[in-house]
Number of protein chains: 2
Amino acid sequence: MAPVTARGRASLNTATVKEADLAEAVHVAAEAGFGAVGLWRDRVQEVGAPKAARLVAEAGLRVSSLCRGGFLTGADDAAIRDAVEDNRRAIEEAATVGASDLVLVVGGLPHGTPGGPPTPATDRDLVAARHRVADRLADLVPYAREHGVRLALEPLHPIFAADRAVLSTLGQALDLAGGYAASEVGVVVDSYHVWWDPALEESIARAGREGRIASYQLCDWSLPLASDPLFSRAHVGDGYIDFGHLTRAVAAAGYAGFVETELFNEEIWRAPALEVARTVMQRFEQHVAPHL
Amino acid sequence: MAPVTARGRASLNTATVKEADLAEAVHVAAEAGFGAVGLWRDRVQEVGAPKAARLVAEAGLRVSSLCRGGFLTGADDAAIRDAVEDNRRAIEEAATVGASDLVLVVGGLPHGTPGGPPTPATDRDLVAARHRVADRLADLVPYAREHGVRLALEPLHPIFAADRAVLSTLGQALDLAGGYAASEVGVVVDSYHVWWDPALEESIARAGREGRIASYQLCDWSLPLASDPLFSRAHVGDGYIDFGHLTRAVAAAGYAGFVETELFNEEIWRAPALEVARTVMQRFEQHVAPHL
């Protein structure tokens, strides 16, 4: 069931208004005209998944995705068991809040500190880490299928390959998804992470043909980078990304779902949530909606 | 003519000892046992290319590459003319100093400030910028051929796609090189820029098959990133890169040339040049030489 108007296709990810609790986040999303919200697990867990589902529905919104499971690269038995357990809980939460897709950020090299230097225990074997992601995906797909939730692999910008995601391109995500039905494993197209990719148009078209585009997320690439580049994301239109080109590629690939804005930016987080939501909608209408 | 011992294959890029003039740089390189130096144009221009060639030869060293030409993405007539002119000068300098290869960093989106936010004039059309790189390469290859210099395309980490290089993967560089003979256009494999690439082994093997590996450069990926990530490069062994894996891939691809260490790091620049050169050699012997 796809949303019908461009405005109704806009979704506000709760991470964009990080200081707001879930009640406030859905309130400002509805006020600003969004059709959906993308939920982070912290906001869901604060109230419990059943109440989270109710809050979203009562605001007249839908859930575009649940962020995020993943962190699947651990190599020892305890890390593997913990990752599978945590992702099973995330799958259950996705089912309860009515998110068709659970976004997976697969994790970086084991024992790297996110955003920090390598530790003596850091395992530099990127190839093996990528194999373990495939193994954990195999562990999780049956459980997700039983719960009617699709696992959505999110490639992250290579800037995060060491510490957050060894999945670095859309093509790599599609190769990994290829062992499963499109209803079981999809991919996320997040502008911030994929805009630079010389194979982008080809990979988006392939994702569309395979029916695997689970989410189209918006966020602009700005410079200079913040000291932690995780937080270095700008409002659509304030950075270097050509959203017309990218959006037309996603539309041409047949994607008809929600378009979610997810910004990690400390300055934006400090602004009033309703103001942020309105800016996000204005940018969506200006830079993205005309190309959908 | 390939160097014969592992130690003799080590090359010190002058950017690693940025505070040293050319005379000092070749002195410390020779003292520390390097077989070659990689030259930046600023160090060459300070003394003139003929004298630069003499300084290197008198130290018993060879020139592994000249860094760098490029910045080919300008869209207006003046920018195009300036880029072609400047690269012709770089080709002449490469020929005079005896560098078989001129490294090209192709440039970012036009009118972006390196390391800075987009300007009102920033052109976000990445696809068109990439086409212009191909056009300028076509302009320059005949001149380079006449001078016996190979143009070596250097893909940069996608972190630099906006402001320094729209050439982001080794595969993309090979596609671009594919229109020319291997003696005319090669590619640079710089660990810092390519280590994250899921297609890395495949692209290195392809580069080797095609005879296009012009340079293998070393530099480790460290976190947290420096405020300007250009300077965020660590000594080999201090970061997240698996140099054994990467070096074996380059060796298996048949590369028998120099292995150049190029570090941009303000802390390393402040250290005495001889000490830096010795550390670079020690890391080369520890982490790279056994895999060559």
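Lettering follows sequence order; numbering is per chain, from 1. A quick note: this is a predicted structure, and the numbers were derived from the prediction, not measured.
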For B:V166, is it the side chain, the backbone, both, or neither that has a heavy atom closer than 4.5 Å to a heavy atom of chain A?
neither

Taking all heavy atoms of B:G237 and all of A:R124, pick out the closest pair and write down the distance.
O-NH2, 4.0 Å

Option that, when pairs with chain B are counted at under 4.5 Å, heavy atom only, ranks first among A:G108, A:P224, A:P114:
A:P224

Can you find a heavy atom in the side chain of B:L126 that is under 4.5 Å from one in the side chain of A:L200?
no

Scanning both residues in full, the closest heavy-atom pair of A:P198 with B:R130 reads CA-NH1, 3.4 Å

Flag if over 12 foreign heavy atoms under 6.0 Å of CG, B:D76:
yes

Does any backbone or side-chain atom of B:I241 lie under 4.5 Å from a heavy atom of chain A? Answer side chain, backbone, both or neither.
backbone

Would you mind checking which part of B:D197 comes under 4.5 Å of any heavy atom in chain A, side chain (CB onward), backbone (N, CA, C, O), both or neither?
backbone

One option among A:A199, A:A162, A:S222, A:P118 has the most heavy-atom pairs under 4.5 Å with chain B, and it is A:P118

Between B:S168, B:G116, B:A161, which residue shows the highest count of heavy-atom pairs closer than 4.5 Å to chain A?
B:G116

Counting only heavy atoms not in A:E202, do more than 12 sit closer than 6.0 Å to its CD atom?
no

For A:D175, is it the side chain, the backbone, both or neither that has a heavy atom under 4.5 Å from a heavy atom of chain B?
neither

To the nearest 0.5 Å, atom CZ of A:R164 lies from atom CG of B:L223 at 9.0 Å

So, do A:I159 and B:L225 sit near enough that their side-chain heavy atoms are less than 4.5 Å apart?
yes

What option among B:G239, B:G171, B:G244, B:A234 has the most heavy-atom pairs under 4.5 Å with chain A?
B:G239

Flag the pair B:W196 / A:T169 as yes when at least one side-chain heavy-atom distance between them is below 4.5 Å, and no otherwise.
yes

